[in-house]
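It should be emphasised that the depicted structure is a prediction, and the values quoted were computed from it without experimental measurement. Below, chains carry the letters A, B, ... as their sequence lines are ordered, and counting in each starts from 1.
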Number of protein chains: 2
Amino acid sequence: MPHKKPQNLEIDNLDIQILSILMKNATTPYTEIAKELIVSGGTIHVRMKKLEEMGVIKGASLEVNPQKLGYDITAFLGIFLEKGSQYNEAVKQLAAVPEIVELHYTTGSYSIFAKIVCHDTNHLREVLNEQIQSVKGIQRTETFISLEESIRRQISLD
Amino acid sequence: MPHKKPQNLEIDNLDIQILSILMKNATTPYTEIAKELIVSGGTIHVRMKKLEEMGVIKGASLEVNPQKLGYDITAFLGIFLEKGSQYNEAVKQLAAVPEIVELHYTTGSYSIFAKIVCHDTNHLREVLNEQIQSVKGIQRTETFISLEESIRRQISLD
DNA sequence: GTTGAAAAGTGCTGCGA
DNA sequence: TCGCAGCACTTTTCAAC
């Protein structure tokens, strides 16, 4: 009796619980997760492999404290473009600015929204004046400097 | 001759190189890093321990694809407070909103700047109306919905 | 501070239920 | 499909340089 391989491309409650634990601490051993969720270590492994194949898991990255590395300024940038159609070209040039850690195409007042990390205010001014304002199509920018990061977390999967 | 323990609380070039590799892929084995930087595995371990003690490394977290988990909307929120002094109280209440993944106290037009992740536009509207607008001290908000996340990376350590 | 190797723990694979 | 057990690999520790 031919039977189509189920593939099981659904995310069930167990998957969510595994992700939930690993999103808090990616170094949690599989055996410990297994103990906590009362399944075997092999099961965790199978689920993780499935989630990776599905593209749910992009990878694991080390979280560093930018301030301890001499990056004291985090700022948000609202960027106005002359024309919305210049977006792709602008992004290409902005990608070459290493201080930009996040960049979005947004609705609302601004065309582009960016997050930027700099050593100090001088560094920020340099990047703004020399790297960003000179990009073709960028009309002007508004800067919001973060004085305090009060919340920083991942989405909760409940 | 009494001699103060050096502690070696400086970050040298080797530390930077180790961090650089692990920030791209936190699952890189120490042995492989050691080979690449031509030092022993034990050295990598000692350095990592030092960096953790110094607080440079906050931890490792799994990066997931929010869209694959049904979170399709990423938005930025500029929040106006009636008085800046209401910040601490507002943060306390906003911390209880799980959809908020980042929150900053900023200079510029807004008092608070937040990043929020929702399932869909309805979910976003619900969170805005029921959870955020009701917080005491919040005057009004401006929403910037991300239509495309073009850049997402860590600071480069060069 | 670094090295190299030994010891402990974890991740992976195949067999059985 | 899941769980168990053995093997390979990584992390950790430690004495010596």
query: For every nucleotide of nucleotides 10-17 of chain C, 5' to 3': is a protein heavy atom under 4.0 Å from its base (B), only from its sugar-phosphate (S), or from neither (-)?
result: SSSB----
message: Between P on D:dT13 and CD1 on B:Ile44, what's the gap in Å once rounded to a whole number?
response: 16 Å
- request: Among residues two or more places apart or on two chains, list those pairs meeting ring-ring contact (aromatic ring centres under 6.0 Å, His included) that have a residue in residues 10-40 of chain A.
  value: none
Report, one line per pair, each donor and acceptor closer than 3.5 Å where one atom sits in a side chain of residues 93-116 of chain B; sequence neighbours left out.
| residue | atom | partner | partner atom | Å |
| --- | --- | --- | --- | --- |
| B:Glu99 | OE2 | B:His123 | NE2 | 2.8 |
| B:Glu102 | OE2 | A:Lys115 | NZ | 2.6 |
| B:Glu102 | OE2 | B:His104 | NE2 | 2.9 |
| B:His104 | ND1 | A:Ser146 | OG | 2.8 |
| B:Thr106 | OG1 | B:Tyr110 | O | 3.3 |
| B:Thr107 | OG1 | A:Ile145 | N | 3.1 |
| B:Tyr110 | OH | B:Glu142 | OE1 | 2.5 |
| B:Lys115 | NZ | A:Glu102 | OE2 | 2.5 |

- prompt: C:dT3, D:dG3, C:dT2: which one has an atom nearest the side-chain heavy atoms of B:Val39?
  reply: C:dT3
- prompt: With sugar-phosphate meaning primed atoms plus P, OP1 and OP2, does A:Thr43 contact a base, only sugar-phosphate, or nothing at under 4.0 Å between heavy atoms?
  reply: sugar-phosphate
- line: the helix from C:dG1-D:dC17 to C:dA17-D:dT1: angle between terminal helix axes, five bp per end, to the nearest 10 degrees, reads 20°
field: Separation of atom NZ in B:Lys35 from atom P in C:dG4, rounded to whole Å
entry: 14 Å
Show me, pair by pair, the donor-acceptor contacts under 3.5 angstrom made by side chains of residues 77-91 of chain A, not counting sequence neighbours?
| residue | atom | partner | partner atom | Å |
| --- | --- | --- | --- | --- |
| A:Gln86 | OE1 | A:Lys83 | N | 3.0 |
| A:Tyr87 | OH | B:Ser150 | OG | 2.3 |

query: Who passes side chain to side chain contact (heavy atoms under 4.5 Å, CB included) against B:Thr121, sequence neighbours left out?
result: B:Ile73
- request: Provide, to the nearest angstrom, the distance between the NZ atom belonging to B:Lys50 and the P atom belonging to D:dT12.
  value: 17 Å
message: So, using side chain to side chain contact (heavy atoms under 4.5 Å, CB included) as the criterion, who are the partners of A:Lys24 when residues are at least two apart?
response: A:Ser20
query: Could you give the CD1-to-C1' distance, from A:Ile38 to D:dC2, as a whole number of Å?
result: 16 Å
task: Could I get the full list of salt bridge (Lys or Arg N to Asp or Glu O under 4.0 Å) partners for A:Glu63, not counting sequence neighbours?
output: none
Sequence neighbours excluded - salt bridge (Lys or Arg N to Asp or Glu O under 4.0 Å) pairs with any residue from residues 64-80 of chain A: none
query: Is there a side-chain polar atom (N or O) of B:Arg47 under 4.0 Å from OP1 or OP2 of C:dT2?
result: yes
task: Just grab all the salt bridge (Lys or Arg N to Asp or Glu O under 4.0 Å) pairs involving residues 32-41 of chain A, residues at least two apart or on different chains.
output: none
query: CE of B:Met48 versus P of C:dG1: gap in Å, rounded?
result: 17 Å
field: Atom pair distance, as rounded to whole Å: CG in B:Leu37 and P in C:dT3
entry: 11 Å
task: Measure from CD1 on B:Ile33 to C1' on C:dT3 and round the result to the nearest Å.
output: 17 Å
Contacts of type salt bridge (Lys or Arg N to Asp or Glu O under 4.0 Å), residue A:Arg153, not counting sequence neighbours: none
Which protein N or O atoms sit under 3.5 Å from an N or O of nucleotides 15-17 of chain D?
none

message: Just verifying a value: how many Å separate A:Met23 CE and A:Ile16 CD1, rounded to the nearest 0.5 Å?
response: 9.0 Å
message: Are the side chains of A:Leu69 and B:Leu19 in contact, using a 4.5 Å heavy-atom criterion?
response: yes
